[in-house]
Amino acid sequence: MKKRDDLTKDTPEVSEGGLSRRRFMGAAALAGVAGATGLGTSVMSREAWAAAAEEARNKVHVGPGELDEYYGFWSGGHQGEVRVLGVPSMRELMRIPVFNIDSATGWGITNESKDVLGHDNEYLNGDCHHPHISMTDGRYDGKYLFINDKANTRVARIRLDIMKTDKITHIPNVQAIHGLRLQKVPKTNYVFCNAEFVIPQPNDGSEFSLDQSYTMFNAIDAETMEVAWQVIVDGNLDNTDADYTGKYAASTCYNSERAVDLAGTMRNDRDWVVVFNVERIAAAVKAGNFKTIGDSKVPVVDGRGKSEFTRYIPVPKNPHGLNTSPDGKYFIANGKLSPTASVIAIDKLDDLFDDKIELRDTIVAEPELGLGPLHTTFDGRGNAYTTLFIDSQVCKWNIADAIKHYNGEKVNYIRQKLDVHYQPGHNHASLTESRDADGKWLVVLSKFSKDRFLPVGPLHPENDQLIDISGEEMKLVHDGPTFAEPHDCILVRRDQIKTKKIYDRDDPYFASARAQAAEDGVTLESDNKIIRDGKKVRVYMTSVAPQYGMTEFKVKEGDEVTVYVTNLDMVEDVTHGFCMVNHGVSMEISPQQTSSVTFTAGKPGVYWYYCNWFCHALHMEMGGRMLVEKA
Ligand code: CUK
Ligand code: CUA
Ligand code: CA
């Protein structure tokens with residue numbers, strides 16, 4: 001997202017036919033409005049305010065030892081991780097390292113994590129935006145969570161049974177994976193993701209002009225995590241979502257102009273939503289009607305212009321979020337530089353692809369909601385909730401009434417506008433991306449927190465606000481400071497996630513350690529052994545609180561040492577660590593897990609290793625020594 005000043009500067013008037021010509025506020029006026037919203041818009045008596053505050057506290061209070069009703073999975077933005085929160089308490093439960101490096105678990109340090117990240121460890125950063133949970137028949141099945149990396153054009157998969165990242169795929173031929181959603185029906189066979197930026201093809205320095213540039217829509221096989229196919233599109237790609245038939249996906253494009261400067265991207269009054277005919281694309285790929293690009297073997301089809309694979313539905317203006325209503329009826333594109341959202345009827349798409357109707361015939365409503373609509377979410381009762389970035393509000397509106405209004409009836413489709421603090425991007429209602437949307441909680445991820453928390457220097461937290469939407473009226477009940485920058489989150493019922501308490505010994509997560517042990521004739525579950533293989537030394541040890549199976553081992557300076565630790569503890573929560581002092585080595589070994597790490601033995605001398613996860617009254621005593629001899 002752009003900072004608000006950039007967003008409003010030089011923004012021309014909205015000139016969409018039929019809309020009021022409402023000029024966007026200047027940056028200075030905007031800052032004033034944002035500051036004032038903190039005071040609330042209605043005047044309340046002190047008693048009424050206290051009663052409302054008390055009610056809010058009771059709603060979100062999850063007492064000591066009590067469990068939350070929902071899991072929330074938060075993107076960690078350009079921090080690169082995924083965070084697990086309990087909702088409604090908004091207590092942080094866990095962090096799952098994905099594209100980042102994590103000192104506590106050894107993510108980016110252990111061999112198991114390098115198997116996922118790549119052993120060359122090319123990138124140390126990531127930029128995640130969109131966490132989404134795999135589905136079967138339009139309902140969360142709790143198996144995987146997928147998330148994009150805009151910074152380095154990757155998609156990761158997290159196994160939700162152990163809450164660890166188990167696959168990362170680099171998407172070839174494109175740059176900057178942004179929008180990401182999953183096929184909902186019949187199940188998540190595909191992960192759909194948008195490459196945002198157009199690049200020259202081939203992008204090898206032989207050509208910099210825009211003539212040869214394009215970007216692509218991508219489908220990844222959710223099980224193998226291989227890229228299944230790519231579709232060349234006109235313009236660029238921002239956000240995406242899929243339907244409830246398994247047939248269509250749709251993406252917003254804000255740069256139909258294919259501009260490389262800010263003013264250029266705002267030149268057109270309308271950009272578009274591109275609809276992908278997933279069925280036809282998959283059929284073409286299956287029939288071998290595709291090309292490949294460069295060294296990549298990924299099937300590519302051309303969806304530019306008037307192809308059988310795509311339709312480009314004009315919508316105003318630099319649209320951003322794209323959201324499917326949980327009844328499966330509509331794709332909703334959020335106008336960003338237009339105060340409107342465009343409602344596309346999914347049941348008209350067959351006719352559109354058969355050329356029986358015109359592109360704009362698929363639009364069944366275009367309600368005017370307020371300034372800077374970015375994302376929409378749903379309560380399963382026919383209402384939509386759209387964030388208004390510039391107005392710093394959430395607008396609750398009724399979809400059926402918006403359609404009536406579009407058809408000329410005099411009805412008011414706006415139900416309520418609620419101030420949020422401040423400048424919201426995504427919002428997400430409980431179970432909203434599934435058939436089970438239950439309309440209980442709404443999380444609004446506000447980009448600015450200003451006066452809401454104790455000051456912590458020039459860098460502020462963001463403010464993820466919790467709103468009770470179970471009644472007629474939205475009620476703000478909690479301010480949740482978050483670190484950079486959870487663009488999006490997803491809320492699932494707690495019974496939809498089933499986690500393991502301890503590892504299975506045959507877990508594929510440490511299969512490569514097991515394979516190496518087998519080659520070395522070592523039994524991980526019982527042996528404490530050193531295998532020397534030239535300059536490579538493999539040290540196998542067990543751990544049982546509060547002791548390692550090996551408290552001393554000898555290597556030579558410059559040896560490539562791999563330490564494998566197998567935690568034999570069977571007791572839930574008894575996680576050990578392994579930290580080798582002055583070697584940059586640290587890792588987690590949870591009950592029944594095997595973890596391994598490879599490093600180069602330093603200068604001759606004694607180096608202590610110790611357990612760095614507090615596991616026992618004698619945790620401090622859990623250690624050993626590596627003796628390094630002269631080479
Ligand atoms: S994007 Cu950031 S607020 Cu990446 Cu889903 Cu809209
Ligand atoms: Cu083992 Cu601390
Ligand atoms: Ca544009």
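We count ligands from 1, going down the list as the structure has it; atoms in each ligand are counted the same way. Because the structure is predicted, anything quoted here is derived from the model rather than measured.
Taking every heavy atom of Asn239 and a limit of under 4.0 angstrom, the matching atoms of ligand 1 come to 5 (Cu). Near Gly425, meaning under 4.0 Å from any of its heavy atoms, are these atoms of ligand 1: 3 (S). Ligand 1 places these atoms under 4.0 Å from at least one heavy atom of His178: 1 (S), 4 (Cu). Remark: ligand 1 atoms within the under-4.0 Å shell around heavy atoms of His130 are 1 (S), 4 (Cu), 5 (Cu). Near Lys447, with a cut-off below 4.0 Å to any heavy atom, the atoms of ligand 1 are 2 (Cu), 3 (S).
None of the N, O or S atoms belonging to Ser256 lies under 3.0 Å away from the Ca ion (ligand 3). Because the distance cut-off is set at 2.8 Å, Cys611 qualifies as a neighbour of atom 2 (Cu) of ligand 2 through one of its N, O or S atoms. At a cut-off of 3.0 Å, Asn318 is counted among the residues with an N, O or S atom near the Ca ion (ligand 3). Here Pro546 fails the criterion, with no N, O or S atom under 2.8 Å of atom 2 (Cu) of ligand 2. Inclusion of His487 in the first shell of atom 6 (Cu) of ligand 1 is not supported: no N, O or S atom falls under 2.8 Å. Taking 3.0 Å as the criterion, Tyr254 counts as a coordinating residue of the Ca ion (ligand 3), since one of its N, O or S atoms falls below it.
In this structure, Leu145 CG and Ile96 CD1 are separated by 7.0 Å, a value rounded to the nearest 0.5 Å.
Checking Phe217, Tyr248, Tyr312 one by one against Phe276, the ring-ring contact (aromatic ring centres under 6.0 Å, His included) holds for a single residue, Phe217.
Residues His576 and His619 keep their aromatic ring centres 6.0 Å or farther apart. Taking the ring centroids of His129 and His426, they lie at or beyond the 6.0 Å cut-off.
Geometrically, Arg304 engages Tyr214 in a cation-pi contact defined by less than 6.0 Å to the ring centre and at most 45° from the axis.
Nearest residue to atom 5 (Cu) of ligand 1 from Lys150, His426, His320 is His426 (criterion: closest heavy atom).
Ring pair Tyr190/Phe192 is tilted by interplanar angle, where 30° to 60° counts as tilted. Taking the six-membered ring where the residue is Trp, His320 and His375 present perpendicular rings, their angle passing 60° and hence far from 30°.
Checked by atom type, the side-chain pair Trp272/Asp234 shows no donor-acceptor distance below 3.5 Å. Residues Thr562 and Asn111 have side chains that never bring a donor and an acceptor to within less than 3.5 angstrom of each other.
Angle SG(Cys615) to atom 2 (Cu) of ligand 2 to ND1(His619): 120° [nearest 10 degrees]. Geometry at the Ca ion (ligand 3): OE2/Glu257 and O/Thr265 form an angle of 80°, nearest 10 degrees.
Of the possible polar contacts, one joining the Asn152 side chain to the Asn125 backbone as a donor-acceptor pair under 3.5 Å is found.
Residue-ligand proximity: Leu374 is placed with every non-hydrogen atom at 4.0 Å or more from ligand 1.
Per residue His375, closest N, O or S atom to atom 6 (Cu) of ligand 1: atom name NE2.
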